[in-house]
Participant: 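Questions regarding the structure given below will be posed in turn.
This structure is a prediction, so every number in the text was calculated from the model and none was measured.
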Protein chains: 2
Amino acid sequence: MPQTRNAYPLLGLLNLRSWSTYELAQQVQRSLHWFWPTAERRLYDEPKLLVELGLAEATEEFTGRRARREYRITRAGRRALRLWINEPSAPRTCEFEALAKVFFADAGSIHQLESVIDGIAAESIDRIKQLGEMLEAEAPFPKRAHVSVLAMQLQLEQEEGVLHWSQWARTQIKQWRSTKDPGDWPTEALRAELAARAHPRAPGE
Amino acid sequence: MPQTRNAYPLLGLLNLRSWSTYELAQQVQRSLHWFWPTAERRLYDEPKLLVELGLAEATEEFTGRRARREYRITRAGRRALRLWINEPSAPRTCEFEALAKVFFADAGSIHQLESVIDGIAAESIDRIKQLGEMLEAEAPFPKRAHVSVLAMQLQLEQEEGVLHWSQWARTQIKQWRSTKDPGDWPTEALRAELAARAHPRAPGE
DNA sequence: GCCATATACTGCATGTTGCAGTATATGAGG
DNA sequence: CCTCATATACTGCAACATGCAGTATATGGC
């Protein structure tokens with residue numbers, strides 16, 4: 001079966017309709033990218049690999065002299081897609097450079113930390129806006145609205161969570177003397193509160 | 001300045017103390033991996049690149065005949081780290097195979113979807129547990145507890161968000177006839193609710 | 001006609017990953 | 001003491017992913 005990381009997500013899109021490569025690239029940017037980021041460069045080679053494996057078919061079409069490859073899923077492709085759902089999923093990973101900067105904030109100044117946090121806020125506001133636009137636009141696949149809404153619920157909540165955290169963090173660091181000295185900020189109490197949340201215990205325990 | 005993606009996060013760790021490569025690899029797994037996932041294989045080459053750039057220094061030490069390289073940050077390294085904090089951060093990305101499966105759930109069955117969601121729940125429970133253990137263990141860098149707690153607040157909240165979503169999603173799909181037919185599930189009302197959340201409007205607007 | 005942008009790609013150097021392997025040290029158990 | 005599993009400490013390498021720059025043709029506005 002497919003060896004590359006993008007094979008199944010791409011089969012997922014091909015299962016919705018046929019696409020030209022350029023259209024695929026655009027659709028990946030619009031929807032898949034939120035939870036399956038990949039370089040556009042790959043999107044021109046990967047469908048060809050699917051064709052080699054019999055999971056997709058390609059036709060070449062022309063606009064004047066400009067060629068375009070259009071891909072369509074095969075029955076074997078649909079079957080592979082269905083089986084993929086059964087397989088254990090890879091652990092979730094998140095690449096968050098700004099949070100790394102927060103984690104190493106004591107290497108810089110409070111002003112720098114403020115900027116980083118503001119950047120985090122701005123990004124989540126922008127992503128929430130983008131999600132909003134997608135939710136309000138005419139749905140490209142109306143019959144799939146229910147699964148789309150199910151997934152977007154999580155996407156939106158994650159973005160809201162990041163935004164709320166950034167607002168909270170902004171208020172908290174105001175109490176710090178410096179990035180190296182939190183002054184009277186209740187570090188220990190917050191640590192204990194987080195620990196309790198991570199280990200829910202019965203009242204008597 | 002450094003060309004590789006791991007340079008600055010590694011400098012961040014080197015700024016805390018000196019490390020052998022193996023120790024670095026372990027520490028990356030413990031802390032950085034949550035928001036800066038990288039392959040262990042890289043951790044043996046990258047510090048050498050930092051040394052070449054004058055951002056770190058290495059000493060070779062021995063346990064009997066077994067060699068070990070220990071790395072320590074330089075002043076230039078500290079400066080580079082501080083400047084990194086000022087640079088625009090790369091957009092956050094999240095690789096979530098299970099959510100991709102949810103997104104393409106209509107290619108499979110309700111039972112498959114239930115399994116995927118249960119897997120999501122199990123993973124977040126495990127990660128919350130791990131965070132709890134970290135919060136309760138003796139802090140490796142007590143003087144940095146405040147920045148650590150600040151970052152972990154976001155980590156924990158994201159995990160809780162995923163867990164809550166999975167619980168909610170589990171109740172919702174119970175109402176679906178199939179992954180292709182949500183029956184009377186209020187798709188449109190939920191879509192509208194999400195849209196409203198994504199576009200906060202004043203009451204008169 | 002010109003030009004900016006869209007559509008539709010590809011070559012390629014560089015960076016990243018996963019895996020399998022090597023070498024030495026350590027400690028438990030027989 | 002010996003054996004063996006695991007830890008410590010790496011490296012080689014094939015395959016894959018990425019970013020970037022480039023090419024070619026189509027489109028539409030001025």
Side-chain angles (χ1 to χ4, degrees), chain A residues 1-10 13 18-30 32-33 35-53 56 58-72 88 90-95 97 100, chain B residues 1-10 13 18-30 32-33 35-53 56 58-72 88 90-95 97 100:
Chain A
M1 278 290 86
Q3 300 285 90
T4 65
R5 59 187 286 277
N6 296 308
Y8 292 113
L10 283 186
L13 287 184
S18 66
W19 311 85
S20 75
T21 331
Y22 188 81
E23 285 169 343
L24 256 187
Q26 286 190 307
Q27 184 63 17
V28 164
Q29 199 61 31
R30 261 193 305 265
L32 266 200
H33 210 76
F35 41 79
W36 199 259
T38 199
E40 186 186 302
R41 182 64 189 75
R42 291 304 309 151
L43 301 177
Y44 287 92
D45 294 340
E46 300 253 12
K48 292 181 206 169
L49 301 179
L50 294 181
V51 172
E52 281 170 30
L53 293 169
T59 51
E60 189 156 57
E61 301 175 359
F62 289 85
T63 309
R65 288 169 52 220
R66 188 170 64 184
R68 181 181 68 247
R69 225 170 324 239
E70 181 126 347
Y71 294 93
R72 154 189 20 275
R92 176 174 24 111
T93 68
C94 188
E95 195 169 300
E97 188 180 24
Chain B
M1 277 287 94
Q3 300 286 89
T4 64
R5 61 187 287 276
N6 297 306
Y8 292 113
L10 283 186
L13 288 184
S18 65
W19 311 84
S20 75
T21 332
Y22 189 81
E23 285 170 341
L24 256 187
Q26 288 190 306
Q27 183 63 18
V28 164
Q29 199 62 28
R30 259 190 310 261
L32 265 199
H33 211 75
F35 40 80
W36 199 258
T38 199
E40 186 185 306
R41 181 65 189 77
R42 292 304 309 151
L43 301 177
Y44 287 93
D45 294 339
E46 301 255 11
K48 291 182 208 166
L49 301 178
L50 293 180
V51 170
E52 279 170 30
L53 292 169
T59 51
E60 189 156 57
E61 299 174 0
F62 290 85
T63 308
R65 290 170 48 219
R66 187 171 61 185
R68 179 179 72 248
R69 227 171 324 240
E70 180 126 345
Y71 293 93
R72 157 189 18 274
R92 178 178 18 115
T93 68
C94 190
E95 195 168 301
E97 190 180 21

Participant: Return the OG1 to CD distance between T21(A) and E70(A), rounded to the nearest 0.5 Å.
Facilitator: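 Spacing of OG1 (T21(A)) from CD (E70(A)) equals 9.0 Å.
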
Participant: Measure the distance from CH2 on W19(A) to P on dT7(C) and round it to the nearest whole Å.
Facilitator: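 In whole Å, dT7(C) P lies 14 Å from W19(A) CH2.
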
Participant: Please check the phosphate of dC9(C) (OP1 and OP2 only) for any side-chain N or O of T21(A) closer than 4.0 Å.
Facilitator: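 T21(A) to dC9(C) OP1/OP2: side-chain N or O found under 4.0 Å.
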
Participant: When the distance from CZ of R65(A) to C1' of dT23(D) is rounded to whole Å, what number comes out?
Facilitator: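 Going from CZ in R65(A) over to C1' in dT23(D) covers 13 Å.
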
Participant: With a 4.0 Å limit, can you tell me whether S20(B) has a side-chain N or O closer than that to the phosphate oxygens OP1/OP2 of dA9(D)?
Facilitator: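 Checking S20(B) against dA9(D): at least one side-chain N or O falls below 4.0 Å of OP1 or OP2.
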
Participant: Can you see which heavy atom on P37(A) is nearest to which on C94(B), and at what distance?
Facilitator: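 Scanning both residues, the minimum pair turns out to be CD-O, 3.2 Å.
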
Participant: If you compare all heavy atoms of T4(B) against all heavy atoms of E46(B), which two are closest, and at what distance to 0.1 Å?
Facilitator: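 Reported closest heavy-atom pair: OG1-OE1, 2.6 Å.
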
Participant: How long is the span from the CD atom in E95(A) to the CD atom in E97(A), to the nearest 0.5 Å?
Facilitator: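 If we round to the nearest 0.5 Å, E95(A):CD and E97(A):CD are 8.0 Å apart.
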
Participant: Measure the shortest side-chain to side-chain distance between L32(A) and T38(A) over non-hydrogen atoms and say whether it is less than 4.5 angstrom.
Facilitator: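 In short, these two side chains do not touch, never coming nearer than 4.5 Å.
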
Participant: Could you state the CZ-C1' distance from F62(A) to dT27(D), rounded to the nearest angstrom?
Facilitator: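 My rounded result for the distance is 19 Å.
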
Participant: Detail all sub-3.5 Å separations between protein N/O atoms and N/O atoms belonging to nucleotides 1-6 of chain C.
Facilitator:
none

Participant: Any chance you could list the contact pattern along nucleotides 14-21 of chain D? Use B for base contacts, S for sugar-phosphate-only contacts and - for none, protein heavy atoms under 4.0 Å, 5' to 3'.
Facilitator: --SSBBB-

Participant: For a quick check of understanding: with a heavy-atom distance under 4.0 Å over all strands, which category does A25(B) fall into, base, sugar-phosphate or nothing?
Facilitator: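 Nothing: the residue A25(B), judged by heavy atoms under 4.0 Å, touches no strand.
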
Participant: Can you check the Q26(B) CD to dT6(D) C1' distance for me, whole Å?
Facilitator: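 My rounded result for the distance is 13 Å.
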
Participant: OP1 or OP2 of dC9(C) versus the side-chain N and O atoms of K48(A): is any pair under 4.0 Å?
Facilitator: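 For dC9(C), neither OP1 nor OP2 has a side-chain N or O of K48(A) closer than 4.0 Å.
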
Participant: Using every non-hydrogen atom in the two residues, find where L13(A) and W19(A) come nearest and quote the distance to one decimal.
Facilitator: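 Answer, listing the atom of L13(A) first, then W19(A): O-NE1, 2.8 Å.
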
Participant: Over how many whole Å does the gap from L49(B) atom CG to dG15(C) atom P extend?
Facilitator: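 Rounded to the whole Å, the gap is 8 Å.
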
Participant: Using whole Å, report how far CG of L24(A) lies from P of dT7(C).
Facilitator: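 To the nearest whole Å, that distance equals 14 Å.
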
Participant: If you look at every heavy atom in E40(A) and A25(A), which pair is closest and at what distance?
Facilitator: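 That would be CG-CB, 4.1 Å.
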
Participant: Before giving the answer on side chain to side chain contact (heavy atoms under 4.5 Å, CB included), spell out for K48(A) and Y71(A) the whole-Å C-alpha distance, their side-chain angles and the decisive distance to 0.1 Å.
Facilitator: CA-CA 9 Å; K48(A) 292 181 206 169; Y71(A) 294 93; 3.4 Å; yes

Participant: Mind listing the closest non-hydrogen atom pair of A67(B) and E60(B) along with its distance?
Facilitator: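 Between these two residues, the closest heavy atoms are CB-OE2, 3.8 Å.
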
Participant: Rounded to the nearest angstrom, tell me the gap between atom OH in Y44(B) and atom C1' in dT17(C).
Facilitator: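 It is 15 Å, rounded to the nearest whole Å.
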
Participant: How close or far is atom P of dT16(C) from atom CG of L10(B), stated in whole angstroms?
Facilitator: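 From L10(B) CG to dT16(C) P: 11 Å.
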
